[in-house]
Protein chains: 2
Amino acid sequence: MAKKKEQVKEKPLSAELRIKEAARKVFTQKGYAAARTRDIAEEAGMNLALLNYYYRSKEKLFELVMLESIKEFFLGLTGILNNPDTGLGEKLELLADSYISMLIREPNFPLFMLSELQANPDKLIELTGTKDFMNKSVFFQQMAAHLKKNKMNFSPMHVVMNMIGLTVFPFIGKPMIKLMSGMKDKEFLQLMEERRKLIPVWMKTMFKIN
Amino acid sequence: MAKKKEQVKEKPLSAELRIKEAARKVFTQKGYAAARTRDIAEEAGMNLALLNYYYRSKEKLFELVMLESIKEFFLGLTGILNNPDTGLGEKLELLADSYISMLIREPNFPLFMLSELQANPDKLIELTGTKDFMNKSVFFQQMAAHLKKNKMNFSPMHVVMNMIGLTVFPFIGKPMIKLMSGMKDKEFLQLMEERRKLIPVWMKTMFKIN
DNA sequence: GTCTATAAAGTGATAGAC
DNA sequence: GTCTATCACTTTATAGAC
């Protein structure tokens, strides 16, 4: 195994990594079925045969890329959710801020993940190994207590769904939103920046936090 | 059964219609790229050749089905949005109620529509002919006035995005939500029924309506 | 490791019998 | 109108030269 830790500079990636990142891009943009291995090879600037040489098959490559992305996504989520030192309001602010940034950086990721998850719901359970981690989170416990104290008799999962919906939906629905409103990309981006601050405010108002 | 004026009986559909409805189901479940014409024929209980006989090609069939669904979707939306005789609160209640019902009936529709819309953003503009109808809607005007009066200095599009996000997202994210929470279908459905009433309440709280 | 050429399998569409 | 058989083309994957 060769050492690679000194590759901090923007050194050209190895063929192996170039393929993986090209795959991430193409899969995320077009989905598994519509993505062709030829597209990926071309995006990586190299030959189709290399893909199979390094990753055996389209499906293996897909699973690898998918698993990496999902893991990173859930890690960011649980990191904020399970901090015992922050309150509900602060957690909402951190979540909105962190995910708006991620979504501006990778706007196609959620639709990709949710589509593939729907196409094959079982695979992800198997891939992630995680299950009902939300119920056990610090955030969930804090929220359950808060709702009870304030006589809001519904599941904390409503809060979670609202938070994700408010944050993620505009990115998933961007083409529809642009169609309905005639907005341009620049204007859309500006609205998303506004939501960084607005979403926590709305959430706190909705659920009487602070 | 004796003759009735209305054909309430489940009369077998013609081959032509059976194919179209089978196509709607398969396209909606798997998306355009992953759907095979053979799947559609099988779902319709008939031969592959009939598909081409009636609809010329996979793409033609897809466009037809897509256009029908989208038209119905936008029609329901504008019907509520453009009623000058209802106020903001009532519109929000009608929207939530109508769309929760639709989503329980066709839970796969939004992800399908949004995925295909992302894969080919231009096609839909061409197919629907509609553009920035939201800005011209009665709802949008009412909301703009309301926001201004209450010193909320942001675009009414935020309200629209929140409303759709709160309503639609749980259905799009169902597999992820089930993964995070360990929920079963029955429990999920119960939460969706609760949201019928909760969403308008949350929206009114968020935007100080009533 | 990387390429070209090609095998092997999948998929949309059609011809032609009935 | 509906079927079977088949064509034409695409796409994944591999063999073999370098």
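As the structure is a computational prediction, the values presented were derived from the model and not from experiment. Chain letters run A, B, ... following the sequence lines, proteins first and then strands; every chain starts at 1.
Remark: F140(B) engages no residue in a ring pair (Phe, Tyr, Trp, His ring centres under 6.0 Å) (not counting sequence neighbours). With sequence neighbours excluded, the residues forming a salt bridge (Lys or Arg N to Asp or Glu O under 4.0 Å) with D185(A) are K174(A), K178(A), listed by chain and number. A search for ring pair (Phe, Tyr, Trp, His ring centres under 6.0 Å) contacts involving F74(A) returns F133(A), not counting sequence neighbours. Not counting sequence neighbours, the partners of K136(B) by the salt bridge (Lys or Arg N to Asp or Glu O under 4.0 Å) test are D132(B). Residues meeting the ring pair (Phe, Tyr, Trp, His ring centres under 6.0 Å) test with Y99(B), sequence neighbours left out: F73(B). The ring pair (Phe, Tyr, Trp, His ring centres under 6.0 Å) search around F207(A) returns W202(B), not counting sequence neighbours. Evaluation of the side chain to side chain contact (heavy atoms under 4.5 Å, CB included) rule for E193(B) yields I104(B), R196(B) as partners, not counting sequence neighbours. With sequence neighbours excluded, no residue forms a salt bridge (Lys or Arg N to Asp or Glu O under 4.0 Å) with R195(B).
Atom-to-atom, CZ of R18(B) to P of dG1(D) comes out at 14 Å; the value is rounded to the nearest Å. If you measure from atom CZ of R36(A) to atom P of dA9(C), you get 21 Å, rounded to the nearest angstrom. If you take NZ of K60(A) and P of dA13(D), they are 10 Å apart, rounded to a whole angstrom. In this structure, CD1 of I40(B) is placed 12 Å from P of dT11(C), rounded to the nearest angstrom. Separating the CD atom of E59(A) from the C1' atom of dG10(C) is a distance of 15 Å, rounded to the nearest angstrom. When the C1' atom of dG12(C) is taken as reference, atom CG of D39(B) falls 12 Å away, rounded to whole Å. With rounding to whole Å, L17(B) atom CG is found 15 Å from dG1(D) atom C1'. The interatomic distance linking K58(A) (NZ) with dG10(C) (C1') rounds to 12 Å, in whole Å.
Residue R38(B) places its side chain closer to dG12(C) than to any other of dG12(C), dT4(D), dA13(D).
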Exercise for the section: Starting at the 5' end of DNA chain D, write a dot or bracket for each base, bracketing those in Watson-Crick or G-U wobble pairs whose two distances are under 3.5 Å and using | for partners on another strand. Expected result: ||||||||||||||||||
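Counting only residues at least two apart or in different chains, side-chain hydrogen bond (donor to acceptor under 3.5 Å, both in side chains) contacts with residues 55-75 of chain A comprise K20(A)-E68(A), R24(A)-E68(A), R24(A)-S69(A), E59(A)-K123(A), E63(A)-K123(A).
Using cut-offs of 30° and 60° on the angle between ring planes, the pair F154(A) and H158(A) is perpendicular.
If you check residues 62-70 of chain B against DNA chain C, you find no residue with a heavy atom closer than 4.0 Å. Interface residues of residues 48-56 of chain B facing DNA chain D, ordered by number: A49(B), L50(B), Y53(B), Y54(B); criterion, heavy-atom separation under 4.0 Å.
Among the heavy atoms of the strands lying under 4.0 Å from A35(A) are primed sugar atoms or P, OP1, OP2 only; no base atom is included.
F62(A) has its ring centre less than 6.0 Å from the ring centre of F27(A).
For S57(B), no side-chain nitrogen or oxygen approaches OP1 or OP2 of dG12(C) to under 4.0 Å.
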